[in-house]
Amino acid sequence: MAEQKSASQIKSWTEPDDRLGMWLFIAAESVVFLCLIATFLVSSKSTLNGPDAAELLELPPILIPSFLLLSSSWTFHLAEKRMEHRNISNTMLWLSITLSFALVFLGFEIYEFFEYAKEGYTLSESPFLASFYVLVGTHGAHVLFGSVWMGLLLWHLYTKRTIWTNWKRIRAFGLYWHFVDVVWVFIFTLVYILGSQGVY
Amino acid sequence: MNSIPFFNTEIDLVSDVIFGHVSALLLGAAAIFFLSYKKKWGILWDWMRTTDHLKIGMMYLAASFVFFLRGGLDAMFVRLQLAFPNAEFWVFQGEKYNQMMTTHGTTMIFFVATPLLIGLMNVAVPLQIGARDLAFPFLNSLSFWLFICGGALINISYLLGGSPEAAWTSYSPLAIGGYSNNTGNNFYALGLQVAGIGTIMTAINFIVTIVKRRAPGMTYMRMPLFTWGSLVAVILILLAFPALGAAVLLLMFDNIFATEFFAGGSGNPLLWQHLFWIFGHPEVYIIVLPVFGLFSDIISTFSKKPVFGYLSMVIALALITFLSFMVWVHHMFTVGYGATVNAIFAISTMLIAVPTGIKVFNWLFTMRGGRIRFPTAMLFSVGFIPTFVIGGVTGVMVAMVAADYQYHDSYFVVGHFHYVMVGGTIMGAFAGIYYWMPKMFGFLLNEKLGNIHFWTFLIGFHLTFFPMHFMGLNGMPRRVYTYLPEDGLFGLNFVSTIGAFIMAASVLLFLYNIWYSYNTQPNEAGGDPWNGRTLEWTIASPAPSDRWKRLPVINHREPLWESKKAGKTALEYAEHEERHVEEHASSLPVIISAALFIAAFGFVFEVFSIAIAGLAITFGIMIYRSLTFDKNVEWSGEDSEDGQGKGGSIHG
Ligand code: HEM
Ligand SMILES: [Cu+2]
């Protein structure tokens, strides 16, 4: 009897459903990124009159933003742990730190794109540049989306504290955010490291 | 030629376009008049905001049927143009023919076959597994409206500067760089993007529902086969549609932002083909696996026997799902990848015939020794078996690489895929509608008209598509708008056109049947009109809006049949109504979809202020949704003892 009860309690909780939904969403998103990475790989040699990857990309400037983005997974994890202990102000603190890391990353990416554009390296220059912008830009759009989402989370936490909806929100967002980070690991390796070393 | 400028394109004032505009206006006016005259606006608005899976399922079916009529009209134009050698039917030659043929294919695949099945899933899956609703009812409504919005985009293209004309496969470089109607290609890319997002969300919704929301005791191995077929189909959607999303995203960049991903010279046209078919082949299983399951259910019900080889049916479904991601290059045999690549993909393709064969034999063995009845739903199921076998055999034929060099891009292929898509998906949808009609509306469709519908459809179908195989073998390529008298193709084509008219009449008869049955059939089909076996037949017809007060407790694969055998009148139900969330109706899905429609419209005509405004509204509403979420849901059912639930502990 006791066992049955607890099973139905878990059922009444929507958080596991949201998490499963988010996992599935991540599966779908992974396919999108796989396709865009494949596009990058097949287009990377088609540079026409534009620069190739080694000319375009430099490793040092991207290191700090990458470091910040990857750390934001850790800071988010801390926020989640604080939420578990119902320590809302610390949750909000760590979440704000996560958000600021994301914003710095985003700022750098926008700056990077503008720098390239200034040199005339635009989207329509060559399939290589196009695939670079679309792949990195799609990831950037995910960071932007996540940042707005974090802003909303902060607002929810600030106004409603520890209600069940906030807990499930944090949990679902966590999966999304870690995923965005993992994608960056791949982009960083395949595009920036290999690209700047002249592999393509 | 007269034309009026429209954003970055022009609308030619020629007879067919004017006809289109006038009929759109008349239909719109008629709808507005009807709604006002009968004072139905309120009801319409209720339906538009609903998050109820049954109502959404019915709307899916109705909307897909409207698109079916549109795609069917295109097919009639195509068949009329091809009825005689050197024919010149109305304007449908050259470019206009290509537009018709492309809209036909695109509409039929994305806005008929796929949503018809999603409609049936919405109607039946929650009832079959004892779920109160889908896991995310709001998302379900949003998926539906995104599908409508994508379908609307593809359908208005003809009136606003021309439809896509690069075929439903939209191969590049034909589809980019001005080789074909650019507005049309944008409509294709944006329409499929919007509808595709909705379809992916549906997939997530159904997987979570089936995994998490089954009634107590409803184990995986007790699920009806339609639910199994739906589960594997939505898994395919989840993994295949994102590839289409990426592909049309890149296509959009090529056409709107002047990139050259798929361009002939610097880009890579084959990249499109890969992305498209990595989606495209699973898509053909997406539209057939649910009907495989459906036919299993129907055949078992009307043979008065359990499904033969249930476990092997499930394994076969899973195998087909798995294999269907490894065969896409069979659409590209003639590209020239060489013998090894072609051989690998030929073998993986032929492997799929094995699980499919298992299913065919299991259907036959389910009927063997049964007490068979033949209402219309069963007729369609039995008619499906030989039809699908023919489609499967020609499928293995085109999988043989050397022979495929002959069949490729000929009418043989057109014959082949209509055998599986019309013979499988469309006949399956008809069967499903006859079968579940009482669950939706409370009355049965007239069986006499149903019989005529079935026989005319079957005969018309074979007359239309069987000759196509021989046209292909005699050298007629697909996607051409005419042929010469000396080609010797007239007889076959003429028969095919006659068949198409018989099918069209048959479809109209079906519509008449709905209207006729609505007026004459008693509204008392009862919960279990077919002497059913599975869970959905234990509740009243039409399914009441408050479906399960307390969830049923399942202890057998055929719960209803089992309780009938035990002489019981009702199932066992859980002791109390468990605590669960209920979602209220909401107008936000309609508004979000409308905003995305505006955004897509802006992209199609490359007016970026409109596009950005549309996107801004979309995200704005999403934020609004997040802020008001708590007000739109409600906990219901019994509270559990230790204070968990609303506002309680955050520990699940
Ligand atoms: C209602 C009766 C139908 C008739 C008479 C019909 C007829 C045709 C014909 C003649 C073509 C070849 C056009 C060409 O190659 O030039 C065609 C193409 C096609 N049909 Fe149908 N069809 C029907 C129903 C369907 C259905 C129900 C589906 C899908 C569920 C479908 C899917 C397609 C597709 C995907 C193409 C390929 C279009 C392309 O090449 O881009 N058709 N149809
Ligand atoms: Cu295929």
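Chain identifiers are assigned alphabetically (A, B, ...) following the order of the sequence lines, protein sequences preceding nucleic acid strands; residue numbering begins at 1 within each chain. What you are looking at is a predicted structure, and each value in this text was computed from that prediction instead of being measured. Just the heavy atoms: all of them, side chains too, but no hydrogens, waters or symmetry mates, feed the values below.
Proximity to chain A is limited to the side chain of B/Leu249, based on heavy atoms less than 4.5 angstrom apart. Looking at B/Phe619, only its side chain comes within 4.5 Å of chain A, counting heavy atoms on both sides. Both the backbone and the side chain of A/Thr39 come within contact range of chain B, judged by heavy atoms closer than 4.5 Å. For A/Leu48, the part sitting under 4.5 Å from any heavy atom of chain B is the side chain, from C-beta outward, and nothing else. At a 4.5 Å heavy-atom cutoff, the contact between B/Phe257 and chain A is made by backbone and side-chain atoms alike. Interface remark: A/Trp155 contributes side-chain atoms only to the contact with chain B (heavy atom separation under 4.5 Å). In this structure, no portion of A/Tyr133 lies under 4.5 Å from any heavy atom of chain B. If you measure heavy-atom distances from B/Phe136 to chain A, the contacts under 4.5 Å come from the side chain alone. Residue A/Val134 touches chain B through its side chain alone, counting heavy-atom pairs closer than 4.5 Å. Looking at B/Ile204, the atoms closer than 4.5 Å to chain A (heavy atoms on both sides) sit in the backbone and in the side chain alike. Only the side chain of B/Ile200 comes within less than 4.5 Å of a heavy atom in chain A; its backbone stays farther off.
Counting heavy atoms from C-beta outward, A/Val31 and B/Phe241 have side chains that stay 4.5 Å or more apart. Side-chain contact between A/Pro16 and B/Lys212 is present, with at least one heavy-atom pair separated by less than 4.5 Å.
To the nearest 0.5 Å, atom CG of residue A/Leu129 and atom CD of residue B/Glu260 are 11.5 Å apart. Of the inter-residue distances, the one linking B/Ile623 atom CD1 with A/Leu152 atom CG reads 5.0 Å to the nearest 0.5 angstrom. Once rounded to the nearest 0.5 Å, the distance linking CG of B/Asn268 with OG of A/Ser131 reads 11.0 Å. Put simply, CG on A/Asp17 and CZ on B/Arg213 are 4.0 Å apart, with the number rounded to the nearest 0.5 Å. One finds the CZ atom of B/Phe261 at 11.5 Å from the CZ atom of A/Phe128 (value rounded to the nearest 0.5 Å). A distance of 5.0 Å separates CD1 in B/Ile207 from CG in A/Leu24, rounded to the nearest 0.5 Å.
A 6.0 Å sphere centred on CZ of A/Phe186 holds no more than 12 heavy atoms belonging to other residues, nucleotides or ligands. Within 6.0 Å of CZ on B/Phe608 lie more than 12 heavy atoms contributed by other residues, nucleotides or ligands. Shown here is B/Tyr337, whose OH atom has more than 12 heavy atoms of other residues, nucleotides or ligands within 6.0 Å. Counting non-hydrogen atoms of neighbouring residues, nucleotides and ligands closer than 6.0 angstrom, the OH atom of B/Tyr220 exceeds 12 such neighbours. For A/Glu55, the CD atom sits in a packed shell: over 12 heavy atoms of surrounding residues, nucleotides or ligands are nearer than 6.0 Å.
Ionic pairing of B/Asp630 and A/Arg169 is present here: one or more N-O contacts between side-chain nitrogen and carboxylate oxygen are shorter than 4.0 angstrom.
Between the side chain of A/Ser46 and the backbone N or O of B/Gly267, no donor-acceptor pair lies under 3.5 Å.
In terms of the salt bridge (Lys or Arg N to Asp or Glu O under 4.0 Å) criterion, B/Glu606 has no residue partners (sequence neighbours excluded).
Among the candidates B/Thr259, B/Ile278, B/Val211, the residue making the largest number of heavy-atom pairs closer than 4.5 Å to chain A is B/Thr259. In terms of non-hydrogen atom pairs under 4.5 Å with chain B, the most contact-rich of A/Thr138, A/Thr122, A/Leu34, A/Asp18 is A/Asp18.
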Working for side-chain contact (heavy atoms from CB on, under 4.5 Å), residues A/His156 and B/Leu627: CA-CA 8 Å; A/His156 281 304; B/Leu627 294 176; 3.8 Å; yes

Residue pair B/Met622, A/Phe145: steps toward the side-chain contact (heavy atoms from CB on, under 4.5 Å) verdict: CA-CA 11 Å; B/Met622 282 166 70; A/Phe145 187 84; 3.9 Å; yes

Worked verdict on A/Thr165 versus B/Phe629 for side-chain contact (heavy atoms from CB on, under 4.5 Å): CA-CA 9 Å; A/Thr165 42; B/Phe629 173 82; 3.6 Å; yes

Test log, rule side-chain contact (heavy atoms from CB on, under 4.5 Å), inputs B/Leu238 and A/Phe25: CA-CA 8 Å; B/Leu238 183 76; A/Phe25 176 71; over 6 Å; no

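Of all heavy-atom pairs spanning B/Ala246 and A/Val32, the tightest one is CB-O, 4.3 Å.
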